[in-house]
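Everything below concerns the one structure shown next.
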Amino acid sequence: MSMPNVVPQQRFERENYLNQEYGIWSWLLTTDHKRIALLYLVSITFFFFIGGFFALLIRLELLTPAGDLVQADTYNKLFTMHGMVMIFFFLIPSIPAVLGNFLVPMMIGAKDLAFPRINLLSWYLYIIGGTIMLHCMMTGGVDTGWTFYVPFSSNYTNTKFVEAGIAIFIAGFSSILTGLNFVVTIHRMRAPGMTWSRLPLFIWAHYATSIIQLLGTPVIAITIVLVACERALHLGIFDPRLGGDPLLFQHLFWFYSHPAVYIMILPSMGVVTEIIPCFSRKRIFGYSFVALSSIAIAVFGFLVWAHHMFVAGMSVYAGLVFSFLSYAVAVPSAIKVFNWTATLYKGSIRYDAPMLYAFGFLGLFTIGGLTGLFLAALGINVHVTDTYFVVAHFHYIMVGGAVMGYLGGIHFWWPKISGKLYPEGWARLAALIVFLGFNLTFFPQFILGYMGMPRRYWDYSHMPEFQVLNVLSTAGATILGVGYLLPMVYLLWSMRYGKPASDNPWNAAGLEWKTASPPPTLNFEEQPVVTWEAYNYAELDAPPRMQEVPVG
Amino acid sequence: MADHSISEHSKSLPLKLYFGVWATLLILTYVTYRVAYVELGPFNSVVALVIAAIKATLVALFFMHVWRAGEKFIKAVVLASLFFLLLLLGLTMADYMTRPWS
Amino acid sequence: MLNNFPLWPEQASTMAHRVDALYIFLLIVAGLMALLVCTLIIYFAARYRRRPGIRAEQIEGSNALEITWSVIPFLVFMVIFAWGAVVYFKERTPPADATEVYVVAKQWMWKVEHAEGQREINELHVPVGRDVKLIMTSQDVIHSFFIPAFRIKQDVLPGRYTVEWFHATKPGTYHLFCAEYCGTQHSGMVGSIVVLEPAQYEAWINGGPNGPLSATGEKIFAELGCSTCHRSDVQGRGPNLEGVFGKPVQLEDGRTVTADENYLRECILDPGSKRVKGFQPIMPTFQGLVNEEQVNALVAYIKSISTLKSAPSSRTTARAASASDANEQAATHTNRSQVQQ
Amino acid sequence: MAETVMGLHQEELQHPELLHHFAEPEQQRNAASLGMWVFLGTEIMFFGGMFCAYLLYRHWYFGDFGAASNSIDATLGAVNTAVLICSSLTVVLAVWSAQTARRALLLAMLSATMLFGLAFLGIKGYEYYQKFEEHHVPGPSFSFENVRIPRHPGEYANPRHAQIYFSLYFLMTGIHALHMVVGLGIFSWLLLMAWKGRFTPTYHTPVEIGGLYWHFVDIIWIFLFPLLYLIDRHP
Ligand code: HEA
Ligand code: HEA
Ligand code: CUA
Ligand SMILES: [Cu+2]
């Protein structure tokens, strides 16, 4: 099944998962979690740029008040597909499927995930879903908004909702399988000595994420089925003409989609929790609080969904309950922020690119989270819901928070993944550009939102007073785009020309650093046995150790 | 019953138990079917659901071996999903039950 | 005070001040928190930057600190929550004697009917200094009636009424937006709210050609034969509708519900679902026989005979609500799927 | 490098059941059943969405749901429940035979399970056919006029609300039937493996896992039966 083995040119290299086998089939049929992670990395990056491309078109259209760049329908399709692609095909799989896939088994000292073939299957499902989504986009697209509220999506739009629904359904299946694999792996495959209280917090974060993926995703799946059946087969479930309730759809949709925002942020929090101790050479402050707050976020995250429905016509009392619970879920996030900050205290802090991204994450997530508190305040929500205030809120968390964390993680583990060092100067520059571009793009949107600019508006010629802020935002998006292109370029460059990395270039704790860079196929030469706590930077730094000499 | 060939980790239960559970399930099915035609007011739904829950529990405990599962985590998975299902139903209905007009 | 600040929306209703006060409070709290976190990060990052020979000091964690920074934020959150809830309750409880205006949304326009009979499209004229309550429904998808200057917003749903209210404080013209995505021309579903001085408003409201909405309703009530069963003089086959509105109604299944707008609407479109105690289930459904405007007129009529002792004399100028508006025809949009009944 | 791969394959040949990344068969067995249980947890939530819709509308439109429910044949539903319960029995017997190395019995029980499954689908298909004939399938040709509401002889069910009932009926039973079809697929594969003599007293995890799935589908039906067929039966 694999291609005949080409004799590798770099004979002198240690055998690792990258050079173990060559040929396209050795990748497409691999069950090695590390290779699958790379497959994901490539496909997710692809979708990120598609989504980003739509974002740039959105921003260009909003440069002027009149709808002059694209048609109204086109604009609606743009933000719909931007949202769908970014959420279902980029951010939800991003960290779990790339970094999680790569690192979860290594961090717990396992040879692979519990179900390697299911892992591969989940990548194929993702690709099938993605292909359907691409086909859908190229043959007309959808214009329902990523939230596809009924009855618009079920009875009114004449775009290809069913096809997009199928794509998301399949991608959702992929997400479920990833979560299932993680849960079983974390329960069953830990190395001897790797107790729950020694797990890296990255693992705790992924465990919490998996809970949401497992319990939430099936609900969006069935919701899609219901809407698709309503549309294609004329079954009536939500149809108000039959006495159905469109709000029921919103309940079902947000029952998944609110917890889903924690699918996006938790893994990123996990990444940051690895980076901060490493670059401040300290054990994490309040290990068990950080660990349990991940679980708390996952569980409480299921209790707050209707804060997206405060003006939807829900009962006032339900509004109260959900507002209250939204504040409850904010507490564990606060705990995390404070623990990260406290970890810096009396550290020995270096400003390498991963750490810069982590700083960016901290600041931007905090702002995004704090504006979440505005939204959860009932009285304010009425005014700002469905305006750019919401758009700014979630971009602060998802782009400023989650994507920053993702980039930080990619940089942090790049030496492990590729065996090469990335160019540090360029990386710091990119982090800076992303940070500045980001704030310029999305900060004006808070103001726009409070001034009343509704979201999903193609044309705002009735309110030309909004233009200045929109121009700023568009300018920022351009800078941001450059900031995202940079890592793309220099990371690719480093794969060929970068300096070879040692096994542990950051002198970081964590089992994944105790094996070769890049790791061998079965991760460890011999079964590791864990006798130390996580983040034992005190021990690592105790004897002033020399940097290991890079191989080659 | 010659059970000597069962390996150590086997989790099967005595055959008699299986047949007993099977018979109980059939009887319960018959009961729920007949009771539905008896006027019990609002309790018809209650009885039907209680019987269904008993049947489901029997299947889970004995046919699916939750009874003997050494694994606490398996029980936790079952309970957790039921709990989250109740959250979905409960909090959604909380909206509908407190709307002024229904 | 904030009215002249360029980056701040105009404040033109009583609600605007309430919302802004909470918003400013939140800006301060969140600003302080963000400042605190960012300052600490920057300070630590600078103060404890790596220096040769100095090692990090390991700190386990501290339960006291953990409890402090969970409990204090929680208490702050509770203040925000409670304050937000109070504002929300105000937003969601229309005063009893508000002027009522019916709003029907459709892709992509707002149709407004005043109780006095004035109709408008994508515009709403209201008097300054009076409570106005909007009773809204949609003919197709979900829309949302948003007036930034008043800080109010409410989704408008097909199949039922939703309500919002305001008390304008300043004459002027303000934006009206559709804030729930509703299809191609979502961003075109905008209009203006014109707040007039009371005298101007009186002139405007009485200047139109239409009779009061309730009179239209009375006419429909007769045309559709409602009066054959619902008669005010004798107890007919159906309950006497005089005085029902706002009162509790005993239902056949033992429940008691308050006869609000949604109840009346449901009685007309779906008489089976809430049956009045002591009557035969003979009332036919009028679903499909009346359109949204006609339902509104009927509801307005039934309300009018509930609040006044005698129904207002029907002005003969009343025009049946079914008569189609030229404006509306122009913008009518044919939906992909037809109503199935 | 190639040797490692070959080595792996050889290892796998010696212990066909043990995959390379597991330390011991017990760990693998555990992982597999844990995986299935977690998957079934997600299935609960999957059906949960429909149960949520069902709960709401049944609460709102109890009378219409009762009337619509009475138009389907409760006896067929009860028979089908019994059929599924029998199939669950044959499944446990199959697991038992695998554990006790009774190959013939295993084959018989697996086939019996599939036969019961097919019988279930047959009866279900017949019910669908009846509904089709009666124009109870939601859509343009749907008709549910002049059906009285149980216990309220003077009243007629609202056809629009009845249509919601039938939408839910077809969806819930349809998706359940889809699960049955998947189950039949799994069992055909198990049958094939059993026929090839793959299962031994030490290695029969697939039979157990497949069994778990089958039982779960049975449990779903145990709830669907009273919820859909027995809403308001008394005259
Ligand atoms: C990763 C994604 C993510 C995350 C983590 C969050 C986190 C939060 N979100 Fe957000 N949200 C979205 C993504 C996300 N959100 C998206 C995509 C939407 C829009 C969907 C759409 O309509 O398209 C949305 C919309 C949204 C709404 C609905 C807006 C509307 O449409 O009306 C609300 C309302 O309550 C809300 C609230 C919150 C809250 C309270 C949190 C909390 O979890 C935040 C907690 C964090 C903090 C609070 C910061 C750290 C805390 C401190 C530093 C403590 C100290 C503070 C004090 C003492 C004040 N969000
Ligand atoms: C993870 C999620 C995610 C991410 C990363 C982003 C990233 C960005 N998003 Fe958005 N966004 C959403 C999730 C996300 N978004 C969601 C869920 C919605 C709501 C949709 C809805 O309403 O239904 C939304 C909506 C949304 C809107 C509101 C549209 C409207 O309501 O009318 C805007 C407007 O400014 C916007 C802008 C941006 C920008 C400028 C970026 C930037 O960060 C993007 C930067 C990236 C690039 C610029 C790519 C760089 C690539 C190139 C430069 C190469 C060019 C491309 C090719 C050659 C193919 N997004
Ligand atoms: Cu109407 Cu948006
Ligand atoms: Cu949310």
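What you see is a predicted model; the values in this text were computed from it and never measured. We name chains A, B, ... by the order of the sequence lines, and we start the count at 1 in each one.
- Ring geometry for D:Trp60 against B:Tyr96 counts as perpendicular: the plane angle is over 60°, on a 0 to 90° scale with 30° as the lower cut.
- In this structure the side chain of B:Asn44 never reaches within 4.5 angstrom of the side chain of D:Arg233, judged on heavy atoms.
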I'd like a table of donor-acceptor pairs (distance under 3.5 Å, sequence neighbours excluded) in which one partner is a side-chain atom from residues 36-47 of chain D, with atom names and distances.
from    : atom 1 : to       : atom 2 : distance (Å)
D:Thr42 : OG1    : D:Phe39  : O      : 2.5
D:Glu43 : OE1    : D:His179 : NE2    : 2.9
D:Glu43 : OE2    : D:His179 : NE2    : 2.8

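- Residues of residues 70-77 of chain D that come closer than 4.5 Å to chain B, counting heavy atoms only, are D:Ala74, D:Thr75, ordered by residue number.
- Residue B:Val38 touches chain D through its backbone alone, counting heavy-atom pairs closer than 4.5 Å.
- Heavy atoms of B:Met93 lying under 4.5 Å from chain D belong exclusively to its side chain.
- Contact of D:Leu227 with chain B is made through the side chain alone, with heavy-atom distances under 4.5 Å.
- Looking at every heavy atom in both residues, D:Gly48 comes nearest to B:Leu89 through O-CD2, 4.2 Å.
- Atom CZ of D:Arg103 has more than 12 neighbouring heavy atoms from other residues, nucleotides or ligands inside a 6.0 Å radius.
- Residues B:Leu88 and D:Gly49 come closest through the heavy atom pair CD2-N, 4.2 Å.
- Here D:Leu56 is the residue among D:Leu56, D:Leu230, D:Leu34 with the most heavy-atom pairs under 4.5 Å with chain B.
- Residue contact with chain D, scored on non-hydrogen atoms closer than 4.5 Å, involves the side chain of B:Thr92 exclusively.
- Looking at B:Leu15 and D:Leu93, their side chains come closer than 4.5 Å, going by heavy atoms from C-beta outward.
- Taken to the nearest 0.5 Å, the CG atom of B:Leu85 stands 8.5 Å off from the SG atom of D:Cys52.
- For the atom pair B:Leu25 CG and D:Thr81 OG1, the distance stands at 11.0 Å (nearest 0.5 Å).
- Side-chain contact between B:His65 and D:Glu208 is absent, with no heavy atoms from C-beta onward closer than 4.5 Å.
- Across all non-hydrogen atoms, the minimal contact from D:Ser33 to B:Ile74 is OG-CD1, 4.3 Å.
- Considering only heavy atoms from C-beta on, B:Lys55 comes within 4.5 Å of D:Ile85 through its side chain.
- Of the inter-residue distances, the one linking B:Ser45 atom OG with D:Ile231 atom CD1 reads 8.0 Å to the nearest 0.5 angstrom.
- The parts of B:Ala60 that come within reach of chain D are both its backbone and its side chain, each placing non-hydrogen atoms under 4.5 angstrom from that chain.
- Annotation for D:Leu89 and B:Phe63: closest pair N-CE1, 4.0 Å, computed over non-hydrogen atoms.
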inquiry  = Please determine whether side chain to side chain contact (heavy atoms under 4.5 Å, CB included) holds for the pair D:Val92 and B:Phe62, giving the CA-CA distance in whole Å, both sets of side-chain angles, and the decisive distance to 0.1 Å.
reply    = CA-CA 9 Å; D:Val92 278; B:Phe62 300 110; over 6 Å; no
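- Of the two parts of D:Phe216, the backbone and the side chain both hold a non-hydrogen atom closer than 4.5 Å to a non-hydrogen atom of chain B.
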